[in-house]
Structure formats: structure tokens, C-alpha cells
Amino acid sequence: MHETYFSFPYGLSANVNSLHGKFLHLEQTVANTRNLCFIALQETKLQNFEKEWDNEFPEHRVTDDALNIDGYYLFRLDRQFSANGGGLITYIAKNWSISNPKICCTISTPDIELIAVRSRPRFLPSDISDITLINVYISPTSNVSIADKTLKSSITNLQKENPRTYFIIIGDVNRDRIDILETMGFRNLVDYTTYQRSNSTLDAVYVRGDSTSYHTHEVLI
């Protein structure tokens with residue numbers, strides 16, 4: 001595969017509802033999906049071997065090495081308040097980001113799980129310095145008000161650190177819109193059913209600016 005660089009990121013997001021037993025399928029999906037810039041996974045339900053739990057036993061302990069995908073940087077946030085459930089992984093394509101991406105924010109609470117990774121693609125408009133991909137999971141049992149305030153605060157702080165970053169907020173938020181993001185000038189690109197059982201829109205891709213430059217479509221994992 002020849003090297004290609006992208007001005008507009010093309011990515012894959014999925015609530016995998018446990019990555020255990022599905023990693024081979026993920027690798028096959030990635031191999032068959034050309035030009036991916038990033039991959040955002042929610043509810044990985046994994047734990048590494050470094051953290052110990054007093055009253056819980058992690059069901060799926062997995063090392064980072066076992067989760068590596070050729071050609072991608074791996075950024076992982078296991079659930080911190082429980083040994084099981086939740087968890088996020090973000091992959092960034094090495095042929096898209098010209099410098100090593102870095103984690104700039106992580107949150108793991110019962111109300112919101114979030115990992116923000118900042119990348120520098122080769123080609124960007126002059127007023128944008130880099131792209132901050134915010135991978136987020138808000139569970140059905142979360143306190144939505146607290147989750148939204150935490151999300152807003154995180155974005156505000158990240159923007160203060162770098163006013164020229166461009167945000168992509170992506171993940172499973174268990175509702176069709178986040179009003180607080182819309183008051184900040186973000187628009188959800190997902191306007192179709194993402195959970196067939198209840199005919200609901202549970203996932204989101206929020207961006208600012210001319211959203212006609214982007215489109216989304218469903219991919220099953």
C-alpha cells in the first residue's frame with residue numbers, strides 16, 4: 001500500500017461491546033477499509049495486568065502488545081472505577097500523523113469516559129494547528145447533566161491550551177444529541193439510526209464549521 005496523506009480525516013468508530021474475541025474481526029475490518037486515519041472504540045471491557053483490584057476480578061486482562069495493529073499508534077484507557085465494563089481505545093494511523101500523537105486528556109468516572117488524542121496531519125488549513133480527537137462513552141446509567149458539564153469543561157480547557165486545534169468528538173453517547181455541544185457551535189453528523197433494536201440514534205460525531213465537508217455511514221463490527 002502506497003503512502004497517502006489526508007487533509008480531512010477518515011475514521012471508524014464503534015461500540016464493540018467487549019473487544020474480547022473480536023480483535024481478529026477488527027483487524028480484518030481495518031485491513032479491508034482503505035485510508036483510515038483513526039479508529040475509536042468504546043466499551044472495550046478490557047483491563048491490563050498492571051492494576052490490582054481489591055474486591056473485583058477483571059474478566060479480560062490484555063496487554064497493549066496484544067492490541068497493536070500494524071501501521072497505527074495505540075492509545076488505551078481502561079475503566080478506572082471498576083474492573084470490568086467500559087474502556088476506550090483510539091488508534092491513529094502512522095501514515096496520517098506526521099508527528100507522534102499524544103494523549104492530552106483522560107477521564108474515567110461513572111458518568112463519562114473520555115480519551116482525547118492530539119495529532120498533526122501533514123496537510124491542514126493555515127488556521128488549524130492540529131486535530132484533537134475526543135473518543136467518549138456516556139453510559140445509559142450516567143448522570144447526563146454531570147457528563148455534559150464534564151465534557152464541556154474538558155473541551156474548554158483543551159481549547160485554552162491550544163486555540164488553533166480542531167475538535168472531532170466521537171463515540172457512543174446513548175442519545176441523539178448533546179445540547180451543550182450544540183450551544184458551543186458543534187453539529188452532530190449522525191442523523192440516522194445506529195441501534196436497530198430500539199430504532200435509536202445512540203452514537204455521535206460532532207464537528208464545527210461547514211459540516212457539508214463531512215459525511216458518516218454505518219459500518220458493522
- prompt: Taking the hydrophobic residues Ile, Leu, Val, Met, Phe, Trp and Tyr, and joining any pair whose side-chain heavy atoms are under 4.5 Å apart, which ones share a cluster with Phe49?
  reply: none
Verdict with reasoning, Tyr166 to Val207, per side chain to side chain contact (heavy atoms under 4.5 Å, CB included): CA-CA 8 Å; Tyr166 184 83; Val207 297; 3.4 Å; yes
field: Nearest-0.5 Å distance, CD1 of residue Ile39 to OG of residue Ser13
entry: 10.5 Å
- line: Cluster membership besides Ile138, Ile/Leu/Val/Met/Phe/Trp/Tyr side chains within less than 4.5 angstrom, sorted by chain and number, is Ile107, Ile112, Leu114, Ile134, Val136, Leu151, Ile155, Leu158, Phe167, Ile169, Val173, Ile178, Ile180, Leu181, Met184, Phe186, Tyr206
query: Pairs in or reaching into residues 149-166: which pass salt bridge (charged side-chain N to carboxylate O under 4.0 Å, His left out), with residues at least two apart or in two chains?
result: none
- prompt: Just by distance, with hydrogens left out, do Ser142 and Ser139 show a side-chain donor and acceptor under 3.5 Å apart?
  reply: yes
query: If you measure from CD1 on Ile170 to CG on Leu12, what distance do you get to the nearest 0.5 Å?
result: 8.0 Å
query: Rounded to the nearest 0.5 Å, what separation is found between the CG atom of Asn17 and the CG atom of Leu41?
result: 12.5 Å
- request: Let me see the working for Leu19 and Leu26 under side chain to side chain contact (heavy atoms under 4.5 Å, CB included), right down to the final yes or no.
  value: CA-CA 9 Å; Leu19 193 53; Leu26 172 64; 4.1 Å; yes
query: Would you say Tyr72 and Leu36 make side-chain contact, with heavy atoms under 4.5 Å?
result: yes
message: If I compare all heavy atoms of Pro101 with all of Ser97, which pair ends up nearest, and what's the gap?
response: CG-OG, 3.7 Å
statement: In short, side chain to side chain donor-acceptor pair (under 3.5 Å) pairs touching residues 73-91 with sequence neighbours left out are Glu56-Ser82, Asp64-Arg76, Tyr73-Asn100, Arg76-Asp78, Arg79-Glu113, Thr90-Asn135
- request: Would you check if the side chain of Asp172 reaches a backbone N or O of Asn174 as a donor-acceptor pair within less than 3.5 Å?
  value: yes
- request: Could you tell me whether Asp70 atom CG has more than 12 heavy atoms of other residues or ligands within 6.0 Å of it?
  value: no
task: Could you tell me the separation between the CD atom of Gln159 and the OG atom of Ser154, rounded to the nearest 0.5 Å?
output: 12.5 Å
message: side chain to side chain contact (heavy atoms under 4.5 Å, CB included), that's the test. Do Leu133 and Ile92 meet it? Break it down for me.
response: CA-CA 10 Å; Leu133 178 68; Ile92 301 294; 4.3 Å; yes
field: Exercise: identify the closest heavy-atom pair between Asn68 and Phe23
entry: O-CZ, 3.6 Å
field: Separation of Gln47 CD from Lys45 NZ (nearest 0.5 Å)
entry: 13.0 Å
- line: Residues Pro9 and Phe38: closest non-hydrogen pair is CB-CE2, 3.9 Å
- request: Decide side chain to side chain contact (heavy atoms under 4.5 Å, CB included) for Asn188 and Asp176; before the verdict, give the C-alpha distance in whole Å, the side-chain angles of both, and the deciding distance to 0.1 Å.
  value: CA-CA 9 Å; Asn188 189 8; Asp176 61 356; 5.9 Å; no
- prompt: Is the closest basic N to carboxylate O distance between Asp148 and Arg175 below 4.0 Å?
  reply: yes
statement: Taking every heavy atom of Gly171 against every heavy atom of Gln42, the minimum-distance pair comes out as CA-NE2, 3.5 Å
- request: Please write out which residues are connected to Leu24 in a hydrophobic cluster, directly or through intermediates, given that two of Ile, Leu, Val, Met, Phe, Trp, Tyr count as joined at side-chain heavy-atom separations below 4.5 angstrom.
  value: none
message: How close do Tyr10 and Asn35 get, counting heavy atoms only, and between which atoms?
response: CD2-O, 3.5 Å
message: Do Ile146 and Tyr137 sit in one hydrophobic cluster, given that two such residues count as connected whenever their side-chain heavy atoms are within less than 4.5 Å of each other, even indirectly?
response: no
- prompt: For Asn162 and Ser129, which heavy atoms make the closest approach, and how far apart are they?
  reply: ND2-OG, 3.2 Å
task: List, by chain and number, the other hydrophobic cluster members for Trp53, where Ile, Leu, Val, Met, Phe, Trp and Tyr join if side-chain heavy atoms come within less than 4.5 Å, directly or indirectly.
output: none
- prompt: So, do Ile89 and Val16 sit near enough that their side-chain heavy atoms are less than 4.5 Å apart?
  reply: no
query: Counting N and O atoms only, with roles assigned by atom type, does the side chain of Asp111 sit under 3.5 Å from a partner on the main chain of Asn143, one being a donor and the other an acceptor?
result: yes
- request: Take atom CZ of Phe57 as the centre, draw a 6.0 Å sphere, and report whether it contains more than 12 heavy atoms from other residues, nucleotides or ligands.
  value: no
field: From CD1 (Ile103) to OG1 (Thr132), nearest 0.5 Å
entry: 12.5 Å
